[in-house]
Novice: 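Take a look at this one; I'll ask things after.
Naming: A, B, ... by sequence-line order, numbering from 1 per chain.
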Amino acid sequence: MADKQSTKPPSGTRDFLPGDVRRREYVIDVVRRVYERYGFEPLETPAFENIDTLLGKYGEEGNKLIFKILKRGEHEGTGEADLALRYDLTVPLARVVAQYQNELPKFFKRYQIQPVWRADRPARGRFREFYQCDIDSMGSTSPIVDVEILSAVSEVLVTLGFDDFTIRLNHRQLLAALLESVGVSAAGQSDTLVALDKLDKTGPDAVIKDLESRGFDHEKASRCVNMFASDAIRTTTRLPSPSVFAAANMSQLSRLHQDVPEASSILDEVQAILDMSADTQAAGHVLLSRSLARGLSYYTGAIMEVGVEGIGSLGGGGRYDNLIGMFLGRDVPACGFSLGLERIIVVMTERNMFKDALSLGSADVLVTMWPDADDAIRRDALALASELRAVDLRVDVYPEPDKLGKQLRYASDRDVQFAVIVGGDERAKKAVTIKDLVASSQETVARESAPQFIRERVDAGQRTKNPEP
RNA sequence: GUGGGCGUAGCUCAGCGGUAGAGCGCCGGACUGUGGCUCCGGAAGUCGCGGGUUCGAACCCCGUCGCCCACCCCA
């Protein structure tokens with residue numbers, strides 16, 4: 001044996017054991033079906049991109065967090081990189097849209113569920129390799145697009161069993177107008193937003209201090225904070241009622257009209273999104289929040305972020321009307337949203353939201369192998385397994401001549417409900433004994449009727465576990 | 001990157017200067033054609049790694065690596 005190596009996966013990555021994969025696939029399946037219902041089409045892109053495709057799209061912080069791939073050969077020693085792992089699914093999409101502009105429909109809508117990589121420091125619910133579930137709509141500036149995306153995301157969360165999520169909504173141009181109104185010029189705005197984004201978490205005093213450390217005098221910092229501190233509802237409020245949100249949104253809108261009257265056309269757009277959302281699955285979940293900033297630099301219009309109590313955010317998105325232009329040379333308007341698969345799973349696991357059916361065993365039936373089995377018996381067991389599989393049962397065959405008790409314990413430990421026992425007595429009678437490990441009962445039935453016998457009992461069990469609504 | 005905590009059996013952890021422990025899990029037996037419950041027995045650790053102090057270090061000191069929490073940022 002070689003020296004013991006660490007067997008942990010690299011920090012920020014995980015192995016997914018069978019139970020994990022089943023839960024992930026369940027969530028992905030819900031996401032995919034909802035997105036399909038909204039007319040989005042699937043897309044996949046490579047794990048890595050040319051590095052120039054990614055650089056300069058995410059802002060300064062984003063650039064630093066890109067996983068770079070060193071050049072091979074003579075450049076290996078220099079640390080130079082020409083490829084990089086994808087950082088999100090939006091920039092690769094923009095590249096694809098520019099590349100295949102003539103083959104894609106005018107209003108291209110795609111979903112994409114793939115891993116992305118960030119050279120970040122891992123934390124609770126934050127990984128260096130994680131899955132995003134993205135939807136994006138290209139080609140239209142209409143707020144209908146934004147609203148459909150909000151609705152689709154809401155429908156995913158509702159279908160998964162969430163009822164207390166809040167989607168905060170804001171607008172980049174509105175943020176710019178608000179900052180302008182307190183004397184922050186375009187150059188200092190992104191820095192200021194980073195500080196203001198924390199209003200919800202750290203409170204106004206901490207943000208004022210932060211701004212002062214970024215070179216603001218106290219008076220200007222206070223003005224900034226006051227301008228942004230007027231979100232009516234803390235987003236951490238659990239189970240906010242739709243009427244509370246509606247009232248809060250109305251009062252927020254009227255205050256915004258007072259604070260930045262020059263931004264009235266933007267406010268109209270925001271209002272249109274809010275109004276139309278009321279008739280979709282997003283109804284009662286959207287909260288206009290003037291302090292929402294979001295880190296990615298490519299957003300140009302509406303921005304949104306969805307969260308629930310107990311975790312940073314489940315996903316976010318917004319409108320980016322200039323990003324495709326960086327590849328294409330002419331702008332194509334676009335709006336998208338990204339749900340974080342593992343964030344959703346972290347919360348669902350904590351809240352016990354996965355159905356029992358997901359924890360069902362690895363197989364329905366274990367065919368036991370007699371300890372003194374001769375060749376004929378082994379072949380008979382395999383033939384029986386085939387017959388059971390023919391009725392779509394999941395069948396495992398015990399491979400070694402262990403004592404029967406050990407074989408049954410193996411089935412029991414792995415949550416396999418049925419064991420088929422074919423011994424000398426049964427063979428003589430052309431019969432099998434079928435033991436139900438859950439009900440602790442057993443019955444000897446004719447060999448030829450065994451598949452149907454088990455099939456019926458498995459079906460009955462599933463009806464109990466998953467009653468039709 | 002900053003601050004705090006933790007690394008001891010497969011897992012969760014106790015021990016905090018005097019020969020390495022418990023619970024759970026694992027293996028075997030009681031139970032030669034029947035899992036779970038019970039009982040009996042067993043295997044298992046260079047106490048993260050390196051150095052120092054000491055008659056003696058899992059324990060104290062220094063360094064180092066790894067993990068966790070908070071900040072930061074985000075999905």
Novice: Expressed in whole Å, how much space separates the C1' atoms belonging to B:A20 and B:C39?
Specialist: 27 Å
Novice: Using the C1' atom in both, what is the distance from B:C59 to B:G18, to the nearest Å?
Specialist: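 Taking atom C1' in both B:C59 and B:G18, they lie 12 Å apart.
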Novice: If I pick the C1' atom on B:A9 and the same atom on B:G42, what distance separates them, to the nearest angstrom?
Specialist: 14 Å
Novice: What's the gap between B:C69 and B:U12 when it is taken at their P atoms, as a whole Å value?
Specialist: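 About 14 Å, rounded to a whole number of Å.
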Novice: Identify, with sequence neighbours excluded, every residue that meets side chain to side chain donor-acceptor pair (under 3.5 Å) alongside A:Glu129.
Specialist: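 Per chain and number, A:Glu129 pairs via side chain to side chain donor-acceptor pair (under 3.5 Å) with A:Trp117.
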Novice: Listed by chain and number, what are the side chain to side chain donor-acceptor pair (under 3.5 Å) partners of A:Arg32, not counting sequence neighbours?
Specialist: none
Novice: Round to the nearest Å and state the distance from A:Arg128 atom CZ to B:C73 atom C1'.
Specialist: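 Taking atom C1' of B:C73 as the reference, CZ of A:Arg128 is at 15 Å.
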Novice: Provide, to the nearest angstrom, the distance between the CZ atom belonging to A:Arg126 and the C1' atom belonging to B:C71.
Specialist: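 So the CZ-C1' distance, A:Arg126 to B:C71, works out to 10 Å.
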Novice: Tell me whether the count of non-hydrogen atoms from other residues, nucleotides or ligands lying under 6.0 Å of CD in A:Gln442 goes above 12.
Specialist: yes
Novice: How far does the C1' atom of B:C62 sit from the matching atom of B:U2, given to the nearest Å?
Specialist: 22 Å
Novice: May I ask you to establish whether A:Arg24 and A:Tyr131 are in a cation-pi arrangement, using a distance under 6.0 Å from NZ or CZ to the six-membered ring centre and at most 45° from the ring axis?
Specialist: yes
Novice: According to the Watson-Crick and G-U wobble definition with distances under 3.5 Å, which dot-bracket string, read 5' to 3', encodes RNA chain B, using [ ] for crossing pairs and | for pairs with another strand?
Specialist: ((((((((.[[[[.)..(..]]]].(((((.......))))).....[[[[[..)....]]]]])))))))....
Novice: Using the P atom on both, measure B:U34 against B:C24 and round to a whole Å.
Specialist: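 After rounding to an integer number of Å, I get 26 Å for this pair.
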Novice: For A:Arg121 and B:G4, what is the distance between atoms CZ and P respectively, to the nearest whole Å?
Specialist: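 Taking atom P of B:G4 as the reference, CZ of A:Arg121 is at 14 Å.
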Novice: OP1 or OP2 of B:A75 less than 4.0 angstrom from a side-chain nitrogen or oxygen of A:Arg294, does that happen here?
Specialist: yes
Novice: Got a sec, which residues hit side chain to side chain donor-acceptor pair (under 3.5 Å) with A:Asp375, two or more places apart in sequence or on another chain?
Specialist: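 If we apply the side chain to side chain donor-acceptor pair (under 3.5 Å) test to A:Asp375, skipping adjacent residues, there are no hits.
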Novice: Could one point to a donor on the side chain of A:Arg343 or the base of B:C74 with an acceptor on the other under 3.5 Å away?
Specialist: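 Flag set: donor-acceptor pair detected.
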Novice: Using the rule side-chain hydrogen bond (donor to acceptor under 3.5 Å, both in side chains), only one of A:Gln281, A:Glu155, A:Glu148, A:Lys109 pairs with A:Tyr38; which is it?
Specialist: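 Among the candidates, only A:Glu155 passes.
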Novice: Could I get the full list of side-chain contact (heavy atoms from CB on, under 4.5 Å) partners for A:Thr53, not counting sequence neighbours?
Specialist: A:Glu49, A:Asn50, A:Val91, A:Arg95, A:Phe327
Novice: Determine the interplanar angle of the A:Tyr58 and A:Tyr87 rings, folded into 0 to 90°, and report it as parallel if under 30°, tilted if 30 to 60°, perpendicular if over 60°.
Specialist: tilted
Novice: For A:Ala411, does its backbone N or O pair with a side-chain atom of A:Asp396 as donor and acceptor, under 3.5 Å?
Specialist: no
Novice: Expressed as a whole number of Å, how far does the C1' atom of B:G15 sit from that of B:C47?
Specialist: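 One C1' to the other, the span is 10 Å.
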Novice: For nucleotides B:C60 and B:G45, find the distance between their C1' atoms and express it as a whole number of Å.
Specialist: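 Looking at atom C1' only, B:C60 and B:G45 are 23 Å apart.
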Novice: In the structure I gave you, are the side-chain heavy atoms of A:Phe165 and A:Val158 within less than 4.5 Å of one another anywhere?
Specialist: yes
Novice: Going 5' to 3' along nucleotides 25-35 of chain B, which nucleotides have protein heavy atoms under 4.0 Å from the base (write B), which only from the sugar-phosphate (write S), and which from neither (write -)?
Specialist: --SSS---BBB
Novice: Look at the side chain of A:Arg118 against the base of B:C74 and say whether a donor-acceptor pair falls under 3.5 Å; ignore hydrogens and angles.
Specialist: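 Per atom types, no contact qualifies.
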Novice: Using heavy atoms to find the nearest nucleotide of RNA chain B for A:Gly12 and A:Leu339 separately, return the residue whose nucleotide is more 5′.
Specialist: A:Gly12
